[in-house]
There are 2 protein chains.
Amino acid sequence: MLTVSVENYLKAILHLQVEGGDRVSTTSIAKKVASTPASTSAMLTKLGERGWVEHRPYHGVRLTTKGHRVAMDILRRHRLWEYFLVDRLGFEWDEVHEIAEELEHVDSKELINRLDAFLGFPKLDPHGDPIPGPNGRFRSVAARTLLAEAPRNLELVVVGVVDGGDPFLRHLGVLGVQLGTRLTVMERHAFDGSLHIKFAETEEVQMLAPSVAERLWVDQSNPSPIIVFPETEDA
Amino acid sequence: MLTVSVENYLKAILHLQVEGGDRVSTTSIAKKVASTPASTSAMLTKLGERGWVEHRPYHGVRLTTKGHRVAMDILRRHRLWEYFLVDRLGFEWDEVHEIAEELEHVDSKELINRLDAFLGFPKLDPHGDPIPGPNGRFRSVAARTLLAEAPRNLELVVVGVVDGGDPFLRHLGVLGVQLGTRLTVMERHAFDGSLHIKFAETEEVQMLAPSVAERLWVDQSNPSPIIVFPETEDA
DNA sequence: TGAATTATTTAGTCAAGGCTAAACTTTAGT
DNA sequence: ACTAAAGTTTAGCCTTGACTAAATAATTCA
Ligand SMILES: [Mn+2]
Ligand SMILES: [Mn+2]
Ligand SMILES: [Mn+2]
Ligand SMILES: [Mn+2]
């Protein structure tokens, strides 16, 4: 479904869309991915057919909601790998782009979420560019993840709620969950995304409905300090 | 030159060659890479033309020296990534094969050598299979690397010499190098592979000829403990 | 407004890597 | 030794993602 080539085009379109206006031209995309306008035109037709872009012939292209989400995921992978290469493997900031350009295409949600946790949920890549979160949006305030999307086998701490309404907060009380609760995702069930979680305090294992998991922000239980790097212009 | 497909075929041939006899059949390769004998036959012709295998039509194929080296490099990457996924990201031993199957195709010598060092030069992957070293051969005794192939910016310790002859040992004396000397590779010069190294003790920077760097075994200065995992049959 | 310029698409081709069906070797069994 | 079975290659076709050259649309400018 998502080939390396398609992913590179979508990421290029996202970049151009963020920089310039909202419609991006065939030629500019061709330049970005280092191919010809003819090849790009063919690709844009395909991206349009598959619902990743809205393509008005002769008038460029715009990412659909779906396409935007996919492109943000690729950007997330790219920047997390860059962070890893610099922060853990000791590469210089100017040596990592090409390698990340390949690593970004390894497609495994579990891999990238675990890498994210391993790195301490960094907010900025080595070039000072923001790293999208698991929800496909840039991290706003603090490093945090929806419990519904957090990796398994890692001790987490509840740092916030998406829905602060009374009914939900009351329900959390029933479940024994509050801010600061430490827990680990033991199992994620494919059927509906419900979770088996274990509370760190009591060692008790409990089932959690997706409606709850989708409304809880969590963070790694002992986060690493966040390191900020100098800025540059590339991805 | 080396596409993902070619790499997968070469690795499959290496596996079959290690398991069974030295010539491996078209059908067995087809099975291993999950394609058809017809497609495999075409690929084997190509691998033969490019000098990676010796192909006798109707009588199977054998890796050339060159092909064997390439396949061992792929195996090295595969197993190092598996080790990383289990040891650092907390995956289970039975969750990592598919992901490593993709990661192994990210081709950067510097990346894989740094990853190796980061992991403490592990000898066995999470399945108990040996991890080839940077020289394309299985690691014999201890985790060690040729200085000529060691990553930069990492403190190393000299743990052995490849050539134990008197002239070389005397030359080491002149250079101020002996077993236990701790040093860091500052720069590797593309021209002939000579190195700028810095001695940890004296902070002194010195040039080292490739003829020396190729004869010194080094290890990470503070190696992590080596963890041994249960055995299984897959890669 | 009517070229001239620029941007984009279409047409035609190619290489890599798959596939199925058919032909052809090799091997095994009697 | 000859034939049946099994293994391998060849022939013909397909998809993806490139390319160049030519046609067509959009834009700019006199
Ligand atoms: Mn890329
Ligand atoms: Mn970047
Ligand atoms: Mn693979
Ligand atoms: Mn393995």
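Computation of the quantities below employed the complete heavy-atom set of this structure, encompassing side-chain atoms and omitting hydrogens, waters and symmetry-equivalent molecules. As the structure is a prediction and not an experimental result, all values here were calculated from the model. Chain A is the first sequence line, chain B the second, and so forth, proteins listed ahead of strands; every chain is numbered from 1.
Contact check on Arg77(A) versus Glu7(A) returns a salt bridge, with a Lys/Arg side-chain nitrogen under 4.0 Å from an Asp/Glu carboxylate oxygen. Ionic pairing of Arg69(B) and Asp73(B) is present here: one or more N-O contacts between side-chain nitrogen and carboxylate oxygen are shorter than 4.0 angstrom. Taking a cutoff of 4.0 Å between a charged side-chain nitrogen and a carboxylate oxygen, Glu19(A) and Lys32(A) qualify as a salt bridge.
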For nucleotides 18-22 of chain D, tabulate all protein N/O to nucleotide N/O atom pairs closer than 3.5 Å, reporting atom names and distance.
| unit_1 | atom_1 | unit_2 | atom_2 | d |
| --- | --- | --- | --- | --- |
| dA18(D) | OP1 | Ser5(A) | OG | 2.9 |
| dA18(D) | OP2 | Ser5(A) | OG | 3.4 |
| dA18(D) | OP2 | Tyr9(A) | OH | 3.4 |
| dC19(D) | OP2 | Thr36(A) | N | 3.1 |
| dC19(D) | OP2 | Thr36(A) | OG1 | 2.9 |
| dC19(D) | OP2 | Ser39(A) | OG | 2.6 |

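Within residues 55-62 of chain B, the residues approached by DNA chain D to less than 4.0 Å at the level of any non-hydrogen atom are His55(B), Pro57(B), Tyr58(B), in residue-number order.
Rounded to whole Å, atom P of dG17(C) lies 11 Å from atom CG of Leu2(B). Lys31(B) has its NZ atom 8 Å from the P atom of dG7(D), to the nearest Å. Rounding to whole angstrom units, CD of residue Glu49(B) and P of dT9(D) are separated by 13 Å. The CG-P distance, from Leu44(B) to dG7(D), rounds to 16 Å in whole Å. A straight line from CE of Met1(B) to P of dA16(C) spans 10 Å, rounded to a whole angstrom.
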Show the atom names and distances, to 0.1 Å, of all donor-acceptor pairs under 3.5 Å that link a side chain in residues 46-59 of chain B to residues at least two apart or in another chain.
| unit_1 | atom_1 | unit_2 | atom_2 | d |
| --- | --- | --- | --- | --- |
| Glu54(B) | OE2 | Arg23(B) | NH2 | 3.2 |
| His59(B) | ND1 | Pro57(B) | O | 3.3 |

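Proximity of a side-chain donor or acceptor of Arg152(A) to a complementary backbone N or O of Thr184(A) within less than 3.5 Å is not detected. Not a single donor-acceptor pair under 3.5 Å links the side chain of Asn153(A) to the backbone N or O of Phe91(B).
In the model, Ser35(B) has a side-chain atom that pairs as donor or acceptor with a side-chain atom of Thr40(B) under 3.5 Å.
Here Arg50(A) lies in heavy-atom contact (under 4.0 Å) with sugar-phosphate atoms only. Within the nucleic acid shown, Thr3(A) comes within 4.0 Å of sugar-phosphate atoms alone, with no base atom in reach, counting heavy atoms only. Contact annotation for Ser25(A): backbone-only contact, meaning every heavy-atom pair under 4.0 Å involves sugar-phosphate atoms and none involves a base.
Between Thr145(A) and Phe121(A) the shortest side-chain heavy-atom distance falls below 4.5 Å.
Taking the six-membered ring where tryptophan is involved, the planes of Phe84(B) and Phe84(A) are tilted, since the angle between them lies from 30° to 60°.
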